[in-house]
**Student:** 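Quick one: this structure, given as structure tokens, is what I'll be asking you about.
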Amino acid sequence: MSFKEKIAARAAREVQAGQVINLGIGIPTMIPDYLPAEADVFIQAENGILGIGPRCRNGDEDRNLIDAGANYVTLAPGASFFDSAVSFAIIRGGRVDLSFLGTLEVAANGDLANWIIPGKMAPGIGGGMELAQKAKRVVVTTSHTTRDGAPKILARCTLPLTARACVKTIITELAVIDITPHGLMLREIARESGLEEVQEKTGAPLLFAEGEIPRF
Amino acid sequence: MSFKEKIAARAAREVQAGQVINLGIGIPTMIPDYLPAEADVFIQAENGILGIGPRCRNGDEDRNLIDAGANYVTLAPGASFFDSAVSFAIIRGGRVDLSFLGTLEVAANGDLANWIIPGKMAPGIGGGMELAQKAKRVVVTTSHTTRDGAPKILARCTLPLTARACVKTIITELAVIDITPHGLMLREIARESGLEEVQEKTGAPLLFAEGEIPRF
Amino acid sequence: MMDKTTRIDKALEQVLDSHSVMVGGFGAPGTPFILLDHLLEQGSSDLTLIKNDANEPGMGISKLLEAGRVRTLIASHIGLNPIAVALMNRREIEVELYPQGILAEKIRAGGAGLLGVLTDIGLDTILRESRQVVHMEGREAILEPALRADTALIHAAVADRAGNLIFARSARNFCPLMAMAADTVIVEVEKVVPTGTLDPDAVHLPGAFVDHLVVLDALTPDYGVLPNHVI
Amino acid sequence: MMDKTTRIDKALEQVLDSHSVMVGGFGAPGTPFILLDHLLEQGSSDLTLIKNDANEPGMGISKLLEAGRVRTLIASHIGLNPIAVALMNRREIEVELYPQGILAEKIRAGGAGLLGVLTDIGLDTILRESRQVVHMEGREAILEPALRADTALIHAAVADRAGNLIFARSARNFCPLMAMAADTVIVEVEKVVPTGTLDPDAVHLPGAFVDHLVVLDALTPDYGVLPNHVI
């Protein structure tokens with residue numbers, strides 16, 4: 001299992017039956033592979049789909065059926081199509097229960113920065129800002145550090161924000177961390193990791209409950 | 001032919017092939033009876049129909065098919081249904097070529113007042129204000145005077161306006177009058193009427209071209 | 001599999017006194033008469049109702065108006081209901097009236113998670129006196145705040161159990177807009193089909209907006225062709 | 001009977017240099033590739049294009065970008081087109097980027113004859129620096145002006161000759177919104193059926209918004225499954 005698969009598998013366990021969920025590009029799109037059949041969720045895509053089905057197999061592609069990341073997808077029973085305005089009415093109107101997003105930085109107060117590196121990368125805003133600001137719950141799925149080993153979880157974001165205080169939970173290959181009013185609360189820790197490693201690779205202090213921290 | 005039928009029949013001649021038209025309540029709803037088969041127009045109703053057909057015959061009523069005046073209607077080939085937001089997008093977006101409206105007062109500059117008599121009648125605004133302000137062409141169909149014989153066509157409206165300077169043409173049982181930058185231009189006169197009578201019953205000066213004024 | 005069908009009393013118990021309730025329908029088509037009849041029986045009061053019109057005497061929301069259950073009515077045109085007009089004129093109910101398409105846009109804006117819309121409709125009329133006027137790009141615009149409600153009650157022709165809806169003909173009107181704009185959406189529906197049998201391209205309102213489906217056994221006469229409107 | 005079918009060159013000659021053109025599609029689905037190819041051939045230049053994205057190199061609007069025909073691009077995300085990103089970074093095109101759903105609402109507002117919408121999206125971000133912020137009902141809102149264009153170019157699956165449209169699956173996206181928001185609307189369509197044969201409840205966009213239908217004889221490879229997106 002790659003570190004991305006590990007994150008996706010753990011993220012899948014945050015999903016509750018009956019939810020409308022939205023999957024950002026990257027790791028989030030791998031989550032459906034780890035959802036149990038009884039999950040009974042509706043996967044929404046910004047380009048106008050509610051009810052994406054299992055991963056599209058080679059040869060089954062439909063030229064008119066892609067998700068917001070331009071991947072070919074399938075449909076689940078009860079799917080529906082709509083225009084981009086209705087699609088974002090679902091999002092901004094508060095009907096997305098759970099939004100999984102990748103990130104560049106995330107802060108201890110839940111601030112999210114994932115759309116621009118001034119002077120370097122600014123391909124656009126896409127649907128992320130509206131998802132971050134309006135989904136009922138935002139879960140960030142990300143590698144714990146950058147390729148250079150620098151923390152992505154920080155006391156404060158240094159990049160321009162996508163949305164303020166929006167993230168509820170961070171899932172990395174090392175840990176599951178909740179954003180609480182008191183700061184970052186370490187909820188779970190990866191089997192192959194240790195408390196010291198996680199704290200060292202995190203740019204803000206971690207809180208944790210007394211006793212054994214559950215492993216994943 | 002009643003005076004209302006006379007007005008409706010004359011108004012029907014203002015319609016051009018291919019137009020999207022909207023019919024206010026009262027006299028305007030009688031206009032389709034006088035449209036030639038080759039008129040090839042689309043009749044729009046504010047409650048979400050494009051493509052109303054010939055007058056509904058007794059026994060043919062569909063419980064789910066009424067116009068904005070709550071009359072049962074039929075469908076023409078090429079009809080479509082949509083919600084109230086799309087319906088007024090057609091109106092405010094400028095896709096109604098011709099709107100026929102009744103009125104309480106209309107002024108020589110095209111001001112229209114047809115929705116409220118302060119302290120007396122204020123049942124609501126309905127779709128009239130948007131039609132008056134946004135249809136490409138507004139034609140008023142009305143009796144030339146009130147029941148008491150007072151002019152409805154005035155130098156200035158005394159009632160609160162529906163929309164300013166919106167009316168292009170007024171069709172009554174006595175005359176067809178265009179609103180021009182110079183004022184009211186008498187375009188046609190009813191066979192059974194005379195110039196003096198029309199001017200007497202009109203609350204603002206009438207202009208007319210040299211020579212015989214066409215009759216209808 | 002997700003199943004949003006709910007018993008009518010269970011669904012409606014979420015409507016509390018002094019709640020705001022959006023009610024679908026333009027005239028009769030789209031009006032959820034049976035939900036409204038049960039809301040009357042349930043005794044909910046001090047309601048704010050949002051509907052295009054006031055139905056007609058003895059039907060739909062007029063029953064709630066006549067029973068004194070309504071504090072405020074937000075509508076576009078109530079001229080077909082002389083009882084509602086009289087209640088308004090006697091100031092026994094508060095009435096807010098909007099241009100019809102602006103009412104639709106205010107509701108849609110609420111549903112789309114917007115704060116409001118900007119329009120030039122009514123700018124040259126007495127409407128502007130009671131509105132916030134903003135200056136944008138060198139011109140004036142009336143600011144119309146978005147409208148949301150605690151509950152929406154709407155009528156649909158067909159649904160699947162996941163809440164995907166199809167409306168019939170001119171019964172669509174305000175229904176999908178209101179279903180977007182309320183915290184709890186209760187839909188009475190004439191027919192329920194298994195999830196997966198509706199054409200995804202033909203769905204008028206995606207199930208994400210629907211909380212409860214009340215399946216109607218039979219329609220009351222209010223749903224039929226109304227003799228007073230047959231010419 | 002009304003017949004909006006038009007020859008492609010006749011339809012496109014209404015697009016003049018320095019015009020603004022809305023282009024349907026989210027990625028490939030809904031993109032009117034053949035209309036865009038003819039627009040390129042026609043030589044129109046100094047265009048303002050409005051599209052969700054910039055397609056991908058060698059496809060759709062990227063051909064116009066690559067040929068230097070575009071002055072301004074208004075979009076949401078152009079990350080799948082490195083050529084567009086490079087043109088932006090070298091300031092050879094002017095690019096305006098909006099949150100995707102706000103772009104949709106700006107276009108829809110233009111189509112609905114509104115002057116703009118009010119939103120809290122981006123209020124806590126650098127977006128507010130370049131926006132008009134208004135105060136309403138005790139809070140702040142970003143004012144997003146409505147967007148219209150001279151022409152909209154969109155793709156539909158099925159049309160009747162009166163211009164009623166049906167879109168296929170995720171190819172709907174921005175197409176109906178843009179068709180509402182342009183002075184001239186040109187639709188390329190895969191199949192035309194006689195007027196009167198579409199179910200009026202199943203029409204996605206009423207014909208009132210459509211000016212010209214260009215019937216496609218055959219689709220180019222751009223419309224097919226794109227090998228670079230097959231996993």
Side-chain angles (χ1 to χ4, degrees), chain A residues 25 29 45-49 52 55-73 75 79 81-92 111 113 115-116 118-134 159-166, chain D residues 25-30 52-54 56 75-82 84-85 88-89 95 97-105 107-109 111 119-127 157 167-178 204-205 219 223-231:
Chain A
I25 51 172
T29 57
E46 298 96 296
N47 55 328
I49 313 174
I52 287 179
R55 185 192 283 257
C56 186
R57 286 186 303 188
N58 209 314
D60 285 350
E61 292 83 6
D62 177 330
R63 67 186 169 96
N64 287 316
L65 188 50
I66 65 170
D67 67 12
N71 305 302
Y72 293 100
V73 294
L75 292 183
F81 297 107
F82 31 82
D83 67 44
S84 299
V86 170
S87 193
F88 279 86
I90 293 176
I91 294 168
R92 289 191 313 268
D111 285 359
W115 74 278
I116 187 171
K120 232 171 133 182
M121 184 208 81
I125 305 163
M129 189 174 281
E130 289 154 278
L131 284 159
Q133 199 174 326
K134 295 292 187 180
L159 295 171
L161 296 189
T162 304
R164 190 174 293 283
C166 62
Chain D
F26 185 115
N52 172 68
D53 51 79
E56 297 177 47
S76 173
H77 199 287
I78 61 172
L80 284 181
N81 189 338
V85 170
M88 170 175 73
N89 290 344
V95 177
L97 296 165
Y98 292 95
Q100 194 175 115
I102 298 303
L103 180 62
E105 286 294 334
I107 294 166
R108 189 198 165 278
T119 178
D120 59 354
I121 296 297
L123 209 47
D124 288 337
T125 74
I126 57 172
L127 290 199
F167 304 100
R169 311 194 124 191
S170 71
R172 195 181 320 181
N173 56 67
F174 281 81
C175 291
L177 309 173
M178 289 175 165
H204 291 148
L205 185 84
L219 300 180
Y223 293 88
V225 170
L226 303 177
N228 59 323
H229 286 284
V230 171
I231 304 168

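Note that this is a predicted model, so its numbers are computed, not measured. Every chain is numbered from 1 and lettered A, B, ... according to where its sequence line falls, protein lines coming before strand lines.
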**Student:** Which bit of D/Leu127 is near chain A, if near means a heavy-atom gap under 4.5 Å: side chain, backbone, both or neither?
**Tutor:**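 Interface part for D/Leu127: side chain.
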**Student:** Is it the case that the side chain of D/Asn173 and the backbone of D/Gly25 share a donor-acceptor pair, with hydrogens and angles ignored and the cut-off at 3.5 Å?
**Tutor:**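 Flag set: sc D/Asn173 to bb D/Gly25 pair under 3.5 Å.
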**Student:** Rounded to the nearest 0.5 Å, how far does CZ of D/Phe26 lie from CG of D/Asn52?
**Tutor:**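 So the gap between those two atoms works out to 5.0 Å.
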**Student:** Can you tell which part of A/Asp67 gets under 4.5 Å to a heavy atom of chain D, answering side chain, backbone, both or neither?
**Tutor:**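 Only the backbone of A/Asp67 comes within 4.5 Å of chain D.
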**Student:** Output the option from D/Pro29, D/Ala104, D/Ala84 having the highest count of non-hydrogen pairs under 4.5 Å with chain A.
**Tutor:**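 Heavy-atom pairs under 4.5 Å are most numerous for D/Pro29.
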**Student:** Checking heavy atoms, do the side chain of D/Leu226, its backbone, both or neither come under 4.5 Å from chain A?
**Tutor:**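 For D/Leu226, heavy atoms of backbone and side chain both lie under 4.5 Å from chain A.
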**Student:** Could you please spell out the steps behind the side-chain contact (heavy atoms from CB on, under 4.5 Å) verdict for D/Asp53 and D/His77?
**Tutor:** CA-CA 5 Å; D/Asp53 51 79; D/His77 199 287; 5.7 Å; no
**Student:** Between D/Glu56 and D/His229, do the side chains contain a donor N or O and an acceptor N or O under 3.5 Å apart?
**Tutor:**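 Looking only at side-chain atoms, D/Glu56 and D/His229 do form a donor-acceptor pair, the distance falling under 3.5 Å.
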**Student:** Does any backbone or side-chain atom of A/Ala68 lie under 4.5 Å from a heavy atom of chain D? Answer side chain, backbone, both or neither.
**Tutor:**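 It is both, since atoms from each part get that close.
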**Student:** Which atoms of D/Pro176 are under 4.5 Å from chain A, going by heavy atoms: the side chain, the backbone, both sets, or neither?
**Tutor:**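 Only the side chain of D/Pro176 comes within 4.5 Å of chain A.
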**Student:** When you look at CD1 of A/Ile25, are more than 12 heavy atoms from neighbouring residues, nucleotides or ligands closer to it than 6.0 Å?
**Tutor:**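 It does not: A/Ile25 CD1 has 12 such atoms or fewer within range.
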**Student:** For the CD atom of A/Glu46 and the CD1 atom of A/Ile91, what is their distance to the nearest 0.5 Å?
**Tutor:**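 Rounded to the nearest 0.5 Å, the CD-CD1 separation comes out at 5.0 Å.
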**Student:** At a 4.5 Å cut-off on heavy atoms, which part of D/Leu177 comes close to chain A: side chain, backbone, both, or neither?
**Tutor:**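 D/Leu177 touches chain A through side-chain heavy atoms alone.
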**Student:** What's the verdict on side-chain contact (heavy atoms from CB on, under 4.5 Å) for D/Thr119 and D/Glu105, showing C-alpha distance, side-chain angles and the deciding distance?
**Tutor:** CA-CA 10 Å; D/Thr119 178; D/Glu105 286 294 334; over 6 Å; no
**Student:** With a 4.5 angstrom heavy-atom cut-off, is it the side chain or the backbone of A/Arg57 that approaches chain D, or both, or neither?
**Tutor:**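 Neither part; nothing is under 4.5 Å.
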**Student:** Give, as side chain, backbone, both or neither, the part of D/Phe167 having an atom under 4.5 angstrom from any heavy atom of chain A.
**Tutor:**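 Answer is neither: D/Phe167 stays 4.5 Å or more from chain A.
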**Student:** Find the one option among D/Ile126, D/Ile107, D/Ile121 whose heavy-atom pairs under 4.5 Å with chain A are most numerous.
**Tutor:**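 Heavy-atom pairs under 4.5 Å are most numerous for D/Ile121.
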**Student:** Return the option, out of D/Ala28, D/Gly122, D/Gly30, with the maximum number of heavy-atom pairs under 4.5 Å with chain A.
**Tutor:**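 Top count of heavy-atom pairs under 4.5 Å with chain A: D/Gly122.
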**Student:** Identify which part of D/Leu219 has an atom lying under 4.5 Å from any heavy atom of chain A, answering side chain, backbone, both or neither.
**Tutor:**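 Contact with chain A involves the side chain of D/Leu219 alone.
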**Student:** What part of D/Ala171 lies closer than 4.5 angstrom to a heavy atom of chain A: side chain, backbone, both or neither?
**Tutor:**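 The answer is both parts of D/Ala171.
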**Student:** Contact part of A/Leu65 toward chain D, heavy-atom cut-off under 4.5 Å: side chain, backbone, both or neither?
**Tutor:**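 Contact with chain D involves both backbone and side-chain atoms of A/Leu65.
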**Student:** Which atoms of A/Phe81 are under 4.5 Å from chain D, going by heavy atoms: the side chain, the backbone, both sets, or neither?
**Tutor:**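 Answer is both: backbone and side chain atoms of A/Phe81 are under 4.5 Å from chain D.
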**Student:** If you count heavy-atom pairs within less than 4.5 Å of chain D, which of A/Gln133, A/Met121, A/Glu61, A/Arg92 leads?
**Tutor:**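 With the most close heavy-atom pairs to chain D, the winner is A/Gln133.
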**Student:** Select, from D/Ala54, D/Gly27, D/Ala75, D/Ser76, the one with the greatest count of heavy-atom pairs under 4.5 Å involving chain A.
**Tutor:**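 Sorted descending by pairs with chain A, the first entry is D/Ser76.
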**Student:** Once rounded to the nearest 0.5 Å, what's the spacing between atom CD1 of A/Ile52 and atom CG of A/Asn71?
**Tutor:**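 Going from the CD1 atom of A/Ile52 to the CG atom of A/Asn71 covers 9.0 Å.
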**Student:** Where does D/Asp120 contact chain A at under 4.5 Å (heavy atoms): side chain, backbone, both or neither?
**Tutor:**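 The answer is both parts of D/Asp120.
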